[in-house]
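Here's the structure, in structure tokens; my notes come after.
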Protein chains: 2
Amino acid sequence: MERNEAFLRKAENLAPTLHTRTVWVPGSGQPLKKGDSACFDLGEHLVGYVTVKLGFTGSHPDAPAWLRLTFAERPQELSENVEDYRGWISASWVQQEQVHVDVLPCALRLPRRWAFRYVQIEVLDISGKYDLMVEQVSCQTVSSADDAALAPFETENPLLRQMDKVACRTLHDCMQLVFEDGPKRDRRLWMGDLRLQALANYRTYRCNDLVKRCLYLFAGSTLPGGRVGAGLFLEPEPEVDDTAMFDYSLFFLPTLLDYYEATGDGETLRELWPTAWRQIELSRTTFDERGIVRDSDVLGWCFLDWNLALNKQAGAQGVYLYALKAAGKIAAILQDEEKAAWIAADYEAKKQAAIDGLYDGPLGLFVSGKERQLSWASQIWMVLGGAADAAVLRRIAERPDAVGMVTPYLYHHYVQALLDVGERDKALQVLTDYWGGMIKEGADTFWELYDPADPNASPYGGTIVNSYCHAWSCAPAYFLREYFPDR
Amino acid sequence: MERNEAFLRKAENLAPTLHTRTVWVPGSGQPLKKGDSACFDLGEHLVGYVTVKLGFTGSHPDAPAWLRLTFAERPQELSENVEDYRGWISASWVQQEQVHVDVLPCALRLPRRWAFRYVQIEVLDISGKYDLMVEQVSCQTVSSADDAALAPFETENPLLRQMDKVACRTLHDCMQLVFEDGPKRDRRLWMGDLRLQALANYRTYRCNDLVKRCLYLFAGSTLPGGRVGAGLFLEPEPEVDDTAMFDYSLFFLPTLLDYYEATGDGETLRELWPTAWRQIELSRTTFDERGIVRDSDVLGWCFLDWNLALNKQAGAQGVYLYALKAAGKIAAILQDEEKAAWIAADYEAKKQAAIDGLYDGPLGLFVSGKERQLSWASQIWMVLGGAADAAVLRRIAERPDAVGMVTPYLYHHYVQALLDVGERDKALQVLTDYWGGMIKEGADTFWELYDPADPNASPYGGTIVNSYCHAWSCAPAYFLREYFPDR
């Protein structure tokens, strides 16, 4: 790992203040014996620290109360037991704690931060001489988003208003000491999420220094050779994740450009341009002699979507073109003419290579990998990279055999691609169908994963490890405000 | 409940300083994955607060480590699972905690106090990207006993030396803000335990103000009518347990007398005499017209021993006589002649009633209850009450059908009864056989319960809720120093 101490100091100095608010609900008044449980609905999705006021009825407690507290973003999670979970994501993410309460009455403050709306309190064991009383459940919320700073969004369409509200809350609850991907899981900075969060942030909470901080964190702790990592840990001190993904490294470029366009902060653009440019340099070895991204069977070499069946080759080519466009704009702003010229030439070459090598003329679609896989991701990224037009989006919709979209993350890029080719109505329809679908499922915040055909699906083996407040899903706050302020 | 604020203030002012010491062992150097566990032997029985230094190998931790820490006084406890425990004592006593560790490396300090020698750390789940390393386990011990104040005990007999050492450690580890019965369970003041602890304390740590504090606590928070409770809770503020037991209330008298004899503190004797006397007054209603304790089928109306089969009538009569003897001595010291005369008369009357109503002439033994039950407890307490001599102890030993002794608590009284009737050799033999038996089982501290025929027995349904450092078992520190200083 490589560290740039000056960049990390800048990031540290940009650490945000966390705003807090206290939300509470009264107890149920129900005495709880061994085996009993009570569930509390805090009424909204919260991120913060929980205090439970506990009392008792009966004799003076003569043994500890042994409790399990489970925190859930959706009620569905409460129907699953961590003991039965056999999925491949660590069960350590399940929001559950066992505690022994030695003294009653007490205000039990749990030390960890939770992301939840529902709290279930189970009495695993207790003395027969007394019953437990839950008198209050309260949460001291934390977020670096300032509610008072939220830019207004006016619309008479109740669904759009609700979608914007839920998207803002999603963003809000993910805005902590960095832009986290999800406050339940993984609770850390990822480049792919940061880019989408930043876009929504500029139009909502405008906590622009938080974006700047995250850019300096990524530039301050890099993988060998100066490669920007896919993610970054904050504690015990900032350190890049040893996971690298082709697309996530390159997204440093558009994220930096977006930041400059939102803020006009030329100093940061100039200071971080070498880090950004380094990502272009490092990606060169990925291309074959034809100028096409070499396919790889290394799991997770490029992200695009949470879909193990997806071949990433064509999508990665599109991502490169997309990043190169951002690089060209930055070079132009910084009047870096030498690089600008190289970028322009390389862009044309790689775009032509994509058309020559990945476009299937008879099909009118881009294909990916040895098996010439058809997927939505490939078309979307070729559009975003500027190598394709509306036609591929129309054609792929007629191919039920194509590999589909799994996450709101890829749906976000689909909406952007539709807007880029002028399909405004379709873009709004996708927004309202897909994100509106989560609203209909009762979402307080938008989810990491959403399959309209199976809202309770989990690719991890249990909804208890799904994240139901996930930053990459805050698209409506960006798109509605940026493209549909009149709806 | 009745409170005497002046008494409780006195008790509060006598709160002891807790002495601390740090004990630690290094980690195993073994990387732990999901499902792995490591066990650490701290080398001695400890009571205190545990800090575990944790690190990792592999990638930066990308998910919490979900751990279960189990604290055991004996290795046997580690072979049982709390999930399988079905006993009638609350499983909330099992010394186990589940924790989620979010940041590594860290010094994980558990908030609760533990009584243990062994610590087992299990990795319930963790990310596949890193392994957990336990780098150190340390304990900050707490006790109000000052090691430097321990009176010496010299003997060339290694078993007696070890018995005294283990008894002193037992007492030491139970000496906290009050004399606790056991630092694992129930972690509180009980009158029956206090009396025996105080006797050992006067000859060992001589922390006499702690006895005084406990007497004022019992006198400061009483049951309706001024009855001294069987036990007392300290938190959130001192409050008598609503459990009352015939013998435990009466033990306030000998405990007060013993305290005076050890300290010469006449002021306390005088101030607490009304509380003590009140116990005699309150017990009067328990006697029938013949002057014999009415039997009761209320569970736990009188303790004597942890034996549900034991009929308590005769033992209770013995306890009353025993308490009345102490009352007589106190009345004499305080020159309370009126009470002294009443006591002398009542003692003779109740003793005669015991002989007339409970002694079976042909058997030469005391019987108890409608079923005329034969038990060790009945004979022992009639000896201690002064109503019987050595003969009953010899005869009961020839009756294998008699209800036996279950706890070191009753064995303590057996030893005392033997000494009272001059059977010194037999008393020492019982001490070395019974307490020495625990030593042979590897005891670091003496146990709440010990059945020589089945050392791993638990009347509660699992050793995980047994207490293996229990104050009422510290007899050797008292008897060896008081009666056998020359052995």
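The structure presented is a predicted model; accordingly, all values stated were derived computationally and were not measured. Proteins get letters first, then strands, A, B, ... in listed order; numbering begins at 1 in each.
At a 4.5 Å heavy-atom cutoff, the contact between A:P61 and chain B is made by backbone atoms alone. For chain B, the nearby part of A:V99 is the backbone; its heavy atoms alone come within less than 4.5 Å. Only the backbone of A:I126 comes within contact range of chain B, with at least one heavy atom under 4.5 Å from a heavy atom of that chain. At a 4.5 Å heavy-atom cutoff, A:K34 makes no contact with chain B through either its backbone or its side chain. Looking at A:D62, both its backbone and its side chain come within 4.5 Å of chain B, counting heavy atoms on both sides. In this structure, chain B has a heavy atom under 4.5 Å from the side chain of A:R188, while its backbone stays farther away. Only the backbone of A:L104 comes within contact range of chain B, judged by heavy atoms closer than 4.5 Å. Heavy atoms closer than 4.5 Å to chain B are found nowhere in A:V101, neither backbone nor side chain.
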Working note: B:V94 + A:W66, criterion side chain to side chain contact (heavy atoms under 4.5 Å, CB included); need CA distance, chi angles, decisive distance, verdict. CA-CA 10 Å; B:V94 176; A:W66 179 27; over 6 Å; no
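Rounding to the nearest 0.5 Å places OG1 of B:T243 at 11.5 Å from NE2 of A:H60.
Atom CG of A:D84 is surrounded by more than 12 heavy atoms from other residues, nucleotides or ligands within 6.0 Å. Atom CD of A:E12 has 12 or fewer heavy atoms from other residues, nucleotides or ligands within 6.0 Å.
The candidate from A:R185, A:E239, A:E97 with the greatest count of non-hydrogen atom pairs under 4.5 Å with chain B is A:E97. The most heavy-atom pairs under 4.5 Å with chain A, out of B:K129, B:R112, B:R187, B:Q98, come from B:R112. For the options A:P64, A:P105, A:A65, A:P111, heavy-atom pairs under 4.5 Å to chain B are most numerous at A:P64. Contact count versus chain A (heavy atoms, under 4.5 Å) is highest, among B:C106, B:G231, B:S90, B:S59, for B:S90.
For the residue pair A:A63 and B:S92, the shortest heavy atom distance occurs at CB-OG, 3.9 Å.
Using a distance-only test at 3.5 Å, with no hydrogens or angles considered, no donor-acceptor pair links the side chain of A:H100 to the main chain of B:W93.
Legend: residues meeting side-chain contact (heavy atoms from CB on, under 4.5 Å) with B:T70, ordered by chain and number and at least two apart, are B:R68, B:L78, B:Q96, B:Q120, B:E122.
Between A:R113 and B:D102 there is no salt bridge, since no side-chain N of the basic residue sits under 4.0 Å from a carboxylate O of the acidic one.
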